[in-house]
Amino acid sequence: MPRGRRRTDRASVGSALLWLGPALLLIAGVVIFPAIELVRASLSEFSITGLRLGDAGAENYRAVLSHPMLGTVLVNTIVWVVAVVALTVLISLGVAQFLTKDFWGRKVVRWAIIVPWAASLVITAKTYVMIYDYYYGTLNLVLSKFGLGPVDFLGSDAWIMPSMILVGVFVSIPFTAYVFVAGLNAIPTEVYEAARVDGASPLQTWWRITLPLLRPALLVAAVLNIINVFNSFPIIYVLNDRNPGFAHDTTITFMYKLAFKSAEKDVGMSAAAGVFNVVLILAVVMVYLRFTRWREETA
């Protein structure tokens with residue numbers, strides 16, 4: 001290779017690193033370094049006050065895997081993620097179709113829909129705590145008017161998970177709907193005109209044209225929602241805070257309680273649970289992406 005070309009290539013690499021440098025530093029600071037510290041903590045023994053006492057090897061991982069409530073927590077996590085993501089995607093598809101229509105006040109409706117996503121999750125969860133309250137909650141006041149009696153939404157084993165799922169769907173719809181709106185707006189109008197000329201019904205048009213062309217937006221929305229819902233700490237913690245133990249927790253609140261709100265109070269176990277949580281999220285996302293690719297190849 002000529003010397004002048006080598007010099008040009010080095011200059012190009014140096015220029016690229018100069019532009020990418022801030023982003024690489026940010027990734028190293030907020031992703032790589034915390035990940036290294038998490039793994040290090042999971043292999044360490046800590047005192048009840050959080051001071052590192054020494055190496056623990058794989059003991060923390062064994063303690064998490066043998067925890068009596070781990071199975072319940074994993075089942076809760078699966079139910080929580082599958083229900084929230086599935087309901088969010090289905091409802092958001094309808095909301096996005098509505099938002100793309102031309103009607104009076106559409107701009108105001110679009111602004112209103114984005115409010116739950118822009119608001120703090122803690123504030124939203126606290127608002128629902130008041131709505132669900134057994135004695136003074138708005139929902140129970142309405143139910144009492146119809147003779148259905150008060151329901152302990154946040155204390156009953158039968159109602160706590162559906163109550164949390166409702167809040168999870170409520171805060172997830174705005175972002176997902178806007179992803180679908182962007183996907184719908186990217187579909188060329190000529191495709192729909194051709195379908196009308198061919199005599200396709202509205203249902204056939206949606207199933208054969210809209211849904212396949214919306215697949216990239218569906219993929220993005222599903223993956224981001226899976227990650228966000230897996231890590232949705234404020235909703236589950238705030239709504240489930242009154243209940244002792246781990247009966248209604250997911251992996252993210254299970255990890256927190258191991259360190260701060262359980263008999264164990266073990267930072268090392270919590271870190272090991274955090275490592276398991278990251279691996280579980282990556283595995284679920286990879287399985288979903290592989291399944292989606294298989295469906296595309298089959299189609």
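Not measured: the values here are computed from a predicted model.
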Residues Q97, F180; criterion side chain to side chain contact (heavy atoms under 4.5 Å, CB included); working and verdict: CA-CA 8 Å; Q97 292 279 354; F180 292 156; over 6 Å; no
D55 vs R40, salt bridge (Lys or Arg N to Asp or Glu O under 4.0 Å): CA-CA, chis, key distance, verdict: CA-CA 9 Å; D55 294 331; R40 179 174 172 271; over 6 Å; no
Could you go step by step and tell me if Y178 and S92 meet the side chain to side chain donor-acceptor pair (under 3.5 Å) rule? CA-CA 8 Å; Y178 271 89; S92 297; over 6 Å; no
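Annotation for Y132 and S163: closest pair OH-O, 3.0 Å, computed over non-hydrogen atoms. Closest approach of V179 to A217, counting heavy atoms only: CG1-O, 3.6 Å. Of all the heavy atoms in L154 and V129, the pair that sits closest is CD1-CA, 4.1 Å. F46 approaches G268 most closely through the heavy-atom pair CD1-N, 3.6 Å. Considering every non-hydrogen atom in both Y136 and L141, the closest pair reads O-CD1, 4.1 Å. Of all heavy-atom pairs spanning A200 and T205, the tightest one is CB-OG1, 3.7 Å.
Linking Ile, Leu, Val, Met, Phe, Trp and Tyr whenever their side-chain heavy atoms come within less than 4.5 Å puts L166 and L139 in one cluster. Hydrophobic cluster membership differs between L26 and L24, with clusters built from Ile, Leu, Val, Met, Phe, Trp and Tyr side chains linked at under 4.5 angstrom. In this structure, M164 is not a member of the same hydrophobic cluster as I78, with clusters built from ILVMFWY side-chain heavy atoms closer than 4.5 Å. F153 and V142 fall within a single hydrophobic cluster, where Ile, Leu, Val, Met, Phe, Trp and Tyr are joined by side-chain heavy atoms under 4.5 Å apart, directly or via other members.
Here the straight-line distance linking atom CE of M255 with atom CZ of F260 works out to 10.0 Å at 0.5 Å rounding. Rounded to the nearest 0.5 Å, atoms CD1 (I252) and CG (N277) are 5.0 Å apart. Rounding to the nearest 0.5 Å places NE2 of H248 at 8.0 Å from CG of N76. In this structure, M269 CE and R62 CZ are separated by 12.5 Å, a value rounded to the nearest 0.5 Å. Between the CE atom of M69 and the CG atom of L258 there is a distance of 11.5 Å, given to the nearest 0.5 Å. Here CZ of F233 is found 11.5 Å from CG of L121. Values are rounded to the nearest 0.5 Å.
For the residue pair N240/T253, the side-chain donor-acceptor check at 3.5 Å is not satisfied. Side chains of Y61 and S42: a donor-acceptor N/O pair is present below 3.5 angstrom, by distance only.
Applying the salt bridge (Lys or Arg N to Asp or Glu O under 4.0 Å) rule to K265 yields no partners; only residues at least two apart in sequence or on another chain are considered.
R110 places a side-chain N or O within donor-acceptor distance of the main-chain N or O of L99, the cut-off being under 3.5 Å.
Cluster partners of L90: none. The rule joins Ile, Leu, Val, Met, Phe, Trp and Tyr whenever side-chain heavy atoms lie under 4.5 Å apart, and it links nothing here.
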